[in-house]
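Because only heavy atoms are used, hydrogens play no part in the values below, and waters and symmetry mates are left out as well, while side chains stay in. Chain letters run A, B, ... following the sequence lines, proteins first, then strands; residues in each count from 1.
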Number of protein chains: 2
Amino acid sequence: MKDGPHIARVAALIGDNARADILTALMADRALTATELAGIAGVTKQTISGHLAKLLDAGLVEVDAQGRHRYFRLAGRDVAHLLESLMGVAFRTGAVRLRSSPREPALRKARVCYDHLAGELAVAAFEAMLMRGWFAARVGELSLTGAGRAAFEAIGVDVSVPGSSRRPVCRMCLDWGERRHHLAGGVGAALLQRMYAAGWAHRQKDSRVVVLSAEGEKAFREVFLLD
Amino acid sequence: MKDGPHIARVAALIGDNARADILTALMADRALTATELAGIAGVTKQTISGHLAKLLDAGLVEVDAQGRHRYFRLAGRDVAHLLESLMGVAFRTGAVRLRSSPREPALRKARVCYDHLAGELAVAAFEAMLMRGWFAARVGELSLTGAGRAAFEAIGVDVSVPGSSRRPVCRMCLDWGERRHHLAGGVGAALLQRMYAAGWAHRQKDSRVVVLSAEGEKAFREVFLLD
DNA sequence: AAGATGGTTCGGCTAGGATCGAACCATGAA
DNA sequence: TTCATGGTTCGATCCTAGCCGAACCATCTT
């Protein structure tokens, strides 16, 4: 068995906790800097630097240098696909790191996932959005339709994407608690910001929990869930 | 970053040369004994036994005990799929072990890949199918068109997919020898079964080689290749 | 210019795990 | 029973690779 693609090499690369953390983080958020990744993986800068060098060398991630920052991202769709396959198997075989779904009801219901909303509410909302045709969904790709644009603008969400052109307007992000997708990308982030600004919700101190006010939840459900 | 499926665990499991050899061997051949696998991976019995215990424990492989033999096989379709993803990434990033294509002509021409046909014939046939519009191919997704359905039914291939609904009707599978795709999924498996049943081909004992009879090959070329 | 921050390189420490020799149990054949 | 074969368990060895401290370079700010 000396022939064939060298599976073990790339698998071993993913088979380290720190590097796996890097990759999953990059899967959720498109581009992160080395120090952010160090924080996420819980190791020092030197260590993360070494890991990133290996991932770069192996062609699993790519990098954009901007000033003194280096933004890392997954090298391609195939890597993201591979990671999802891994998650699927890990999930089936019960290899969940601790608990797959947060046990605190508040966390399960609504929480921050990097810069956008995740949790049951987010998943339900995203599915309703798809039903209403706000997005054109293809395999792993998502684009805003005219109806979607109008709907978001109607509630004051800025869909013009002020950020860099590198960042996709909208993306779906896998929610490992729910095993379903929710909205990420520029629009996802803008939506969460809008919810904060409108007083619908605020982020709980030192936690990923997003607390919805009574009126906030009512409004959210009316806009996104009720049919 | 403590939650989510424990990717690193399963990746690390595949990230060892001996275990990767085991898994790729099981992907090509359905069931192998421990000593056969030891020979393939080039390690001793004790070592392979330890590896197999780990793979079993992790739920990546399963075992059938028959007498004093233990036949190992992949635990499920998701594992096979994961391995394919790995091969794809490994291939793109140039991590090829040595030579990718089997040297025996018979193996190169037609062989079994899990449960469907692979090799030069399979690749050529799949490309002809695509040309004729039997499938609608999008990014990583494949669906049978009306024309395709009719064509398969005409030669007695059951495309109604009796299996579970989780299994995709048709998929493309990367042929590491050819670096091109061939047909997999429910239809791919059904096609191979049909070829066996029609007497076009039979599987060679103790080998992945698929032997086509003279009439079988003629019929195959007429149906799939000639234009 | 001085400081702060992002990132890399180098060297040494350490732990985890892959490997094998040897002994051992289980099954089937003579 | 005796022998051969398939497979596992245990213990010891050895090496890889992850990790951090310290020092360093690069970029941006004041």
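Ring geometry for A/Phe152 versus A/Phe224: interplanar angle of 30 to 60°, hence tilted.
Set against D/dT8, D/dG6, C/dT19, the side chain of B/Asp16 has C/dT19 as its closest nucleotide. The A/Thr44 side chain lies nearest to D/dC20 when the options are D/dC20, C/dG7, D/dG18. Here the nucleotide nearest the side chain of A/Val43, chosen from D/dG18, C/dT19, D/dC20, is D/dC20. Nearest nucleotide to the side chain of A/Ala18, out of C/dT19, D/dC19, D/dT8: D/dC19. The side chain of A/Thr35 lies closest to C/dG7, out of D/dG18, C/dG7, C/dA18.
For the pair B/Leu37 CG and D/dG6 P, the interatomic distance rounds to 13 Å; values are reported in whole Å. In this structure, B/His69 atom NE2 and D/dT8 atom C1' are separated by 16 Å, rounded to whole Å. B/Leu32 has its CG atom 16 Å from the C1' atom of D/dG7, to the nearest Å. Rounded to whole Å, the distance from CD1 on A/Ile22 to C1' on D/dG18 is 12 Å. If you measure from atom CG of B/Asn17 to atom P of D/dC15, you get 17 Å, rounded to the nearest angstrom.
Residues meeting the side-chain contact (heavy atoms from CB on, under 4.5 Å) test with B/Ala12, sequence neighbours left out: none. A/Glu36 pairs by the salt bridge (Lys or Arg N to Asp or Glu O under 4.0 Å) definition with nothing, not counting sequence neighbours. Legend: residues meeting salt bridge (Lys or Arg N to Asp or Glu O under 4.0 Å) with A/Asp16, ordered by chain and number and at least two apart, are absent. Judged as a side chain to side chain donor-acceptor pair (under 3.5 Å), and not counting sequence neighbours, B/Ser213 has no contacts. In this view, A/Ser49 satisfies the side-chain contact (heavy atoms from CB on, under 4.5 Å) rule with no residue, not counting sequence neighbours.
Within residues 47-61 of chain A, the residues approaching DNA chain C are A/Ser49, by heavy-atom distance under 4.0 Å.
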Please list, for nucleotides 22-30 of chain D, all pairs of protein and nucleotide N/O atoms separated by less than 3.5 Å.
unit_1 : atom_1 : unit_2  : atom_2 : d
D/dT27 : O2     : A/Arg68 : NH1    : 3.2

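Residue pairs that meet the side chain to side chain donor-acceptor pair (under 3.5 Å) test with at least one member in residues 37-46 of chain A, sequence neighbours left out, are A/Thr44-A/Gln46, A/Thr44-A/Thr47.
Judged by distance alone, the side chain of B/Arg19 and the main-chain N or O of B/Leu13 form a donor-acceptor pair under 3.5 Å.
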Which pairs of donor and acceptor atoms, one on a side chain in residues 53-62 of chain B, lie under 3.5 Å apart (sequence neighbours left out)?
unit_1  : atom_1 : unit_2  : atom_2 : d
B/Glu62 : OE1    : B/Arg73 : NH1    : 2.4

